[in-house]
Asks: 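Provided herewith is a single structure, encoded as structure tokens, for subsequent inquiry.
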Amino acid sequence: MTVTGSARFHRRNVAPPPNNSEKSKKGKSCYPVLLSLCLFLAILCTCLLSALVLIGKHLYQNKNDTVSEDLTVISSKKQSFIARLPNDTIPFHYDLTIMPHIDRGDFKGKVNISLIIKRTRRNILVHSKDLSIDKVDLYFNNNSKVIEVQNVEEIATSELISVIPKDELYPGFYYLNLEFSGNLLNKTKGLYRSQYRKSDTNETRAIATSKFEPTYARQAFPCFDEPNMKASYTVHILKPKDDKSYIALSNMPQEKEETQENGIMVHFKPSVRMSTYLSCFIVCDFKYTNDSFLSGKDTVPLRVYATPEQVEKTAYALQTAKRVIEYFLKYFNIDYPLPKLDLIAIPDFVSGAMEHWGLVTFRETALLFDKNKSSTANQQRIATVVAHELAHSWFGNLVTMDWWNDLWLNEGFASYIQYKGVDAAEPKWEMLHQFLIEDLHAVLSKDATPASHPIVQTVVTPDQITEIFDTITYNKGASLLRMLEDAVTPTNFQKGVTAYLNKHQGGNAVTADLLKELQTIVGDSIDVTTFMDTWTQQMGYPILTIKEEGDTFVITQKRFLKDPENPGNTESPYGYKWMVPVTYITDKNQTKPVLEWFDHTKSNITIKKPTNVKWVKFNYNQVGYYRVNYPKNMWQTLSENIGNMQSISDRTHLLEEAFSIAESGNELDYNVPLDLTLYLKKEFNYIPWSVAASKLEQLRKYLTDSLEYSNYLKYVVNIVTPAYNELTWDEKPSGDDHLRKRARITILNIACTMGHTDCKEKVREKFLGWLDEKKEISQDLRSIVFEYGMEESTEREWNKLLEIFKKENDANEKLNLMRGLASIKEPSLLKKLIELGKNEDIIRGQDYFTMLQYVSANPIGTSIVWDYVRENWDYLVNRFTLNDRYLGRLIPAITSTFTTKTKLKEMEEFFAANPEAGAGAASREEALANVKNNIKWIETNKAKVEDWIKKNSKTNFS
């Protein structure tokens, strides 16, 4: 199709258009050489001068900016995929108008993209997905010349459109205008509609909102949707004029409003340069609470938005955000980069939160706190998520990873620094100790399987990009930074981070850039790059084996695997050897660890034994990302002295370490971790008990068909009873601090799980009192009471709870009630709950996978969910798409308790019948690895645990 000055969209799948660097001479008339040369030089000078003024030094300093018109193309038998945009076409400003029709469920828009072309081209490639491109205009040099557009073609496999002019495009400034339209319905990515119900009138209210990370901005407007294609924005958003309650929000403050025939156009101030995934557009009728903070000499307004009847629940998030942002201002020593900071709770939100710059979006459960309904755990989650997202204002937004390969720079750093932020806001919560149970232990488990991957890896497709938003990127990234900080000292780490941010602010960076700044700070004392490369460029981690030889410890290392016979990828740039910062403490010196370096090129290191000490413990506070196995006598000594260790982290570490090593097979006798649990009779702290409860519950699942099952339950009840009697069901508002409240829930939960008689009686009594007599239950006890109270309930009670669930508007409370509904032992009611999940008026799409996981956690529901997922896979894919990483993660979640080869075969057959996994490919590998490990555990360890139970039944069981 050919038009003059504009092109109507021609929808078809095509191969990438020709993009040759050499000009074609065919059909060209002679052109005066001198005039051509002068014109070229004039354009080039204009480009260079304007580039310096408009987009600064970072435009031409992209790390991968080897100027070329050749596209990176991934080919397969099915399709060709353009992996990266050509780096010779650079956007520097978007003038963007978004016009959502909320009631109708669609939107229109137009964008004027100011861009620079640095080499002669035959087309302009722009990301676009699920948009109708209604009109395209192209201008040269400040709109002074209309470029005739010959065609606009869709490259659907690459989520691109190709704007093809009649003639070649020479270097210079261009303005690409596009008019487009799209759909707001049946999605939670891109630009979409979210709804909520007003409890007083039962009226349904709708909003338009957005979620763009990682590759969803292209679903809202045509753009250069790659993180290093930063540009500034001038945004205009249309809001309804017949409903005065609606407001429009974006990254920057509002500048003015203008009444138009079809609504009120809200104009926003121009933004700083940022990646497309950080832009945000919202039209809603929300209210806010507000405060401010001082950044340099500027007072920055701070607001937290929510639906009108939930705005009072924003008070805690507002208070925490202020404390956290003030801490980060001091830590980074760089002013907050924007003129305002808004936080907003979205009723339908696929992630926990998203760091859209200046307008941070959250799921309601991650931002809203109701002191009458929200638990202590909810409160902690809100604080950590707020801190995580605000850390991105500097690490991720101000300086952004160059490409998704280095996503860990964004997410790993925010995942670690959030603990410092919350620790500053809530110093009594022991957040730096909680890091072990919240982040470290989960990733140590996954990273010891063949389903892991290096923290820095090559990703190309949107599915691959989406897939790496996982525990390796977040948790391992955070854990490695924690280890790095300890190795270089916290002071040097902080200085290096600030230097890195200052050097690259407004631009993009790679892992090496951060390490370079740290190296400058520490000098020759540590080879920072080599140290970290051994951890970021290969998956997994080592186990250090300690041997006593005379007056020395000889330490060797090897890769730790849950199943050494199933290592997965055996190729590694460092041969699965790591540069390890080995630390240790003794009973005489528990607070000042000794550090020794274990170079990856050495086969072992030797450390002189400390004299006159009772015990030596390696890897103090589990700061190092590695495991340690001791000789039997040293384990015995540590077991006898664990209760005397001052550090919560050291006690927690020994429990987790011993169980995890024993689980892997023949590295450690199961007597060691089980003997360690005897000390728990004197332990009342939440953090060690969190590990113990998790490990003891895992053993219970393994032993369900064992003849020693009842004796095992008696043993756990015996060791948990002292803590149960200490904490009790009776809460003390003035005497219970945060950790004691969390410890109570952990203890009550494990006690009820293991069949503690008093616990089971009280939970049923409290549940019926609440359900039938409307007796109050405290916010911390609600989840336990609903879950265990429903286990023996009738259909009448279940239906009554369902009606309460339907009417509840508080997102946290709905999850508590949902867990209760999923705990019934009647299969027909569990199937009914699953069917109700198809109705988004009852169960929001964002909570659908949570519901399935709750049901599968019920032993009665495990097979029901597994069968349902296999039989309804096409429905799930059509509803959520294979690009949804939460769909992928559903598989390992619902198969985690499988322990038989029959179930493993069912999984393999299901994957073979449905080979397209999308963003769930790694999750399938994880699921298979987990089940194989479960099977191996039964074969290797079950009899050992049963023997220990038999031997200890007379002395340690009540």
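Heads up: numbering here begins at 1 and tracks the sequence.
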Asks: Using the test side-chain hydrogen bond (donor to acceptor under 3.5 Å, both in side chains), find all partners of Gln195 that sit at least two apart in sequence or belong to another chain.
Replies: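 Gln195 satisfies side-chain hydrogen bond (donor to acceptor under 3.5 Å, both in side chains) with no other residue.
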Asks: Examine distances only and state if a side-chain atom of Thr384 and a backbone atom of Arg381 form a donor-acceptor pair shorter than 3.5 Å.
Replies: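 Yes, the answer is positive, given that a donor and an acceptor are paired below the 3.5 Å cut-off.
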Asks: Mind checking what makes side-chain contact (heavy atoms from CB on, under 4.5 Å) contact with Glu438, not counting sequence neighbours?
Replies: Gln380, Tyr419, Gln434, Tyr686, Arg742
Asks: Could you verify whether a donor N or O on one side chain and an acceptor N or O on the other, from His267 and Glu257, lie under 3.5 Å apart?
Replies: no
Asks: First locate atom CG of Leu359, then atom CG of Leu341, and finally report the distance between them rounded to the nearest 0.5 Å.
Replies: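 Answer rounded to 0.5 Å: 9.0 Å.
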Asks: I need the Ile346 CD1 to Ser351 OG distance, nearest 0.5 Å.
Replies: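 Between atom CD1 of Ile346 and atom OG of Ser351 there are 12.0 Å.
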Asks: Holding to salt bridge (charged side-chain N to carboxylate O under 4.0 Å, His left out), I want the full list of residues that pass it with Glu312, two or more places apart in sequence or in another chain.
Replies: none
Asks: Salt bridge or not for Asp342 and Lys340, using N-O below 4.0 Å?
Replies: yes
Asks: What is the distance from atom OG of Ser271 to atom NZ of Lys230, rounded to the nearest 0.5 Å?
Replies: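 One finds 11.0 Å between OG of Ser271 and NZ of Lys230.
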Asks: Within the side chain of Asp291, is there an N or O that forms a donor-acceptor pair under 3.5 Å with the backbone of Pro301?
Replies: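 No: the side chain of Asp291 does not pair with the backbone of Pro301.
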Asks: Would you say the side-chain atoms of His356 and Glu213 include a donor-acceptor pair closer than 3.5 Å?
Replies: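 Side-chain D/A pair, His356 to Glu213: absent.
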Asks: Checking side-chain polar atoms at under 3.5 Å, does His236 have a donor or acceptor matched by the opposite partner on Asp95?
Replies: yes
Asks: Considering only distance and modelled atom types, tabulate donor-acceptor pairs under 3.5 Å from the side chains of residues 242-249, sequence neighbours left out.
Replies:
| from | atom 1 | to | atom 2 | distance (Å) |
| --- | --- | --- | --- | --- |
| Asp243 | OD1 | Ser245 | N | 3.1 |
| Asp243 | OD1 | Ser245 | OG | 2.5 |
| Asp243 | OD2 | Arg205 | NH1 | 3.1 |
| Asp243 | OD2 | Arg205 | NH2 | 2.9 |
| Lys244 | NZ | Lys241 | O | 3.3 |
| Ser245 | OG | Arg205 | NH2 | 3.1 |
| Tyr246 | OH | Ala206 | O | 2.7 |

Asks: To the nearest 0.5 Å, how far apart are CG in Asp134 and CZ in Phe180?
Replies: 9.5 Å
Asks: Could you check whether Tyr175 and Phe140 have their ring centres less than 6.0 Å apart?
Replies: no
Asks: Please check if the side chain of Ser250 supplies one atom and the backbone of Phe268 the other of a donor-acceptor pair under 3.5 Å.
Replies: no
Asks: Got a sec, which residues hit side-chain hydrogen bond (donor to acceptor under 3.5 Å, both in side chains) with Lys129, two or more places apart in sequence or on another chain?
Replies: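 side-chain hydrogen bond (donor to acceptor under 3.5 Å, both in side chains) check on Lys129 returns Glu159.
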Asks: Does the side chain of His127 come under 3.5 Å of the side chain of Glu226 through a donor N or O and an acceptor N or O?
Replies: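 No, because no side-chain N or O of His127 sits under 3.5 Å from a partner of the opposite role on Glu226.
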Asks: Sub-3.5 Å donor-acceptor pair from the side chain of Ser210 to the main-chain atoms of Phe281, do we have one?
Replies: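 Flag set: sc Ser210 to bb Phe281 pair under 3.5 Å.
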Asks: Does a donor on one side chain sit under 3.5 Å from an acceptor on the other, for Asp285 and Tyr196?
Replies: yes
Asks: Any donor-acceptor pair under 3.5 Å linking the side chain of Glu411 with the backbone of Thr473?
Replies: no
Asks: Judged by atom type as modelled, is there a donor-acceptor pair below 3.5 Å linking the side chain of Asn112 to the main-chain atoms of Leu96?
Replies: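 No.
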Asks: For residues Tyr316 and Asp370, is any side-chain donor paired with an opposing acceptor at under 3.5 Å?
Replies: no
Asks: Determine yes or no for a side-chain-to-main-chain donor-acceptor pair under 3.5 angstrom, with Gln418 supplying the side chain and Val385 the backbone.
Replies: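 Not confirmed, Gln418 side chain does not pair with Val385 backbone.
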Asks: Is it true that atom NZ of Lys322 has more than 12 heavy atoms of other residues, nucleotides or ligands lying nearer than 6.0 Å?
Replies: yes
Asks: Counting C-beta onward and ignoring hydrogens, is there a side-chain heavy-atom pair between Ser128 and Leu160 closer than 4.5 Å?
Replies: no
Asks: To the closest 0.5 Å, what do you measure between CG (Leu501) and CH2 (Trp394)?
Replies: 9.5 Å
Asks: What do the steps show when you test Phe92 against Phe173 for ring pair (Phe, Tyr, Trp, His ring centres under 6.0 Å), and what is the final call?
Replies: CA-CA 10 Å; Phe92 62 88; Phe173 279 92; 5.3 Å; yes
Asks: Quick check against the 3.5 Å criterion: does Asp439 have a side-chain atom that pairs as donor or acceptor with the backbone of Phe435?
Replies: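 Answer holds: no.
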Asks: Under 3.5 Å, is there a donor-acceptor pair linking the side chains of Thr314 and Thr289?
Replies: yes
Asks: Just so I know, are the side chains of Ile382 and Thr320 near enough to count as touching, which here means a heavy-atom distance under 4.5 Å?
Replies: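 Ile382 does not reach Thr320 side chain to side chain.
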Asks: Determine whether the aromatic ring centres of Phe286 and Tyr305 lie less than 6.0 Å apart.
Replies: no
Asks: Taking salt bridge (charged side-chain N to carboxylate O under 4.0 Å, His left out) as the test, write out the residues that go with Glu517, two or more places apart.
Replies: Lys503
Asks: Taking side-chain hydrogen bond (donor to acceptor under 3.5 Å, both in side chains) as the test, write out the residues that go with Lys313, two or more places apart.
Replies: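 Lys313: side-chain hydrogen bond (donor to acceptor under 3.5 Å, both in side chains) contacts with Gln310, Asp810.
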Asks: Could you pull out all residues at least two apart from Asp335 that satisfy salt bridge (charged side-chain N to carboxylate O under 4.0 Å, His left out)?
Replies: none
Asks: Check whether Arg273 reaches the backbone of Gly506 with its side chain - one donor and one acceptor, N or O, closer than 3.5 Å.
Replies: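 Present.
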Asks: In chain order, what residues pass the side-chain contact (heavy atoms from CB on, under 4.5 Å) check against Ala217, with sequence neighbours excluded?
Replies: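 Testing Ala217 for side-chain contact (heavy atoms from CB on, under 4.5 Å), a comparison that skips the adjacent residues, returns Phe212, Phe221, Cys223, Asp225, Thr276.
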Asks: With a 6.0 Å cut-off (strictly less than), is the heavy-atom count around NZ of Lys110, excluding the residue itself, greater than 12?
Replies: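 It does not: Lys110 NZ has 12 such atoms or fewer within range.
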Asks: Tell me if a side-chain donor or acceptor on Arg193 pairs with a main-chain N or O of Asp103 at a distance below 3.5 Å.
Replies: yes
Asks: Tell me whether the centres of the aromatic rings in Tyr233 and Trp357 are closer together than 6.0 Å.
Replies: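 Ring centroids of Tyr233 and Trp357 are no less than 6.0 Å from each other.
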Asks: Can you sort out the partners of Ala811 under side-chain contact (heavy atoms from CB on, under 4.5 Å), two or more places apart, ordered by chain and number?
Replies: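 side-chain contact (heavy atoms from CB on, under 4.5 Å) list for Ala811, sorted by chain: Glu364, Thr365.
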Asks: Would a 4.5 Å heavy-atom cut-off, applied to side chains only, mark Ser232 and Pro270 as touching?
Replies: no
Asks: Would Arg482 pass as a cation-pi partner of Tyr416, given that its NZ or CZ must be under 6.0 Å from the six-membered ring centre and within 45 degrees of the axis?
Replies: no
Asks: Measure the CG-CD1 distance between Leu407 and Ile468 for me, rounded to the nearest 0.5 Å.
Replies: 4.5 Å
Asks: Using the test side-chain contact (heavy atoms from CB on, under 4.5 Å), find all partners of Val456 that sit at least two apart in sequence or belong to another chain.
Replies: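 For Val456 the side-chain contact (heavy atoms from CB on, under 4.5 Å) partners, ignoring immediate neighbours, are Asp406, Trp408, Thr511, Thr536.
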Asks: Holding to salt bridge (charged side-chain N to carboxylate O under 4.0 Å, His left out), I want the full list of residues that pass it with Asp348, two or more places apart in sequence or in another chain.
Replies: Arg844
Asks: Check Lys330 with Glu326, please: is the shortest side-chain N to carboxylate O separation under 4.0 Å?
Replies: no
Asks: So do Leu131 and Phe107 actually touch side chain to side chain, heavy atoms under 4.5 Å?
Replies: yes
Asks: Are Phe395 and Phe332 close enough that their ring centers fall under 6.0 Å?
Replies: no
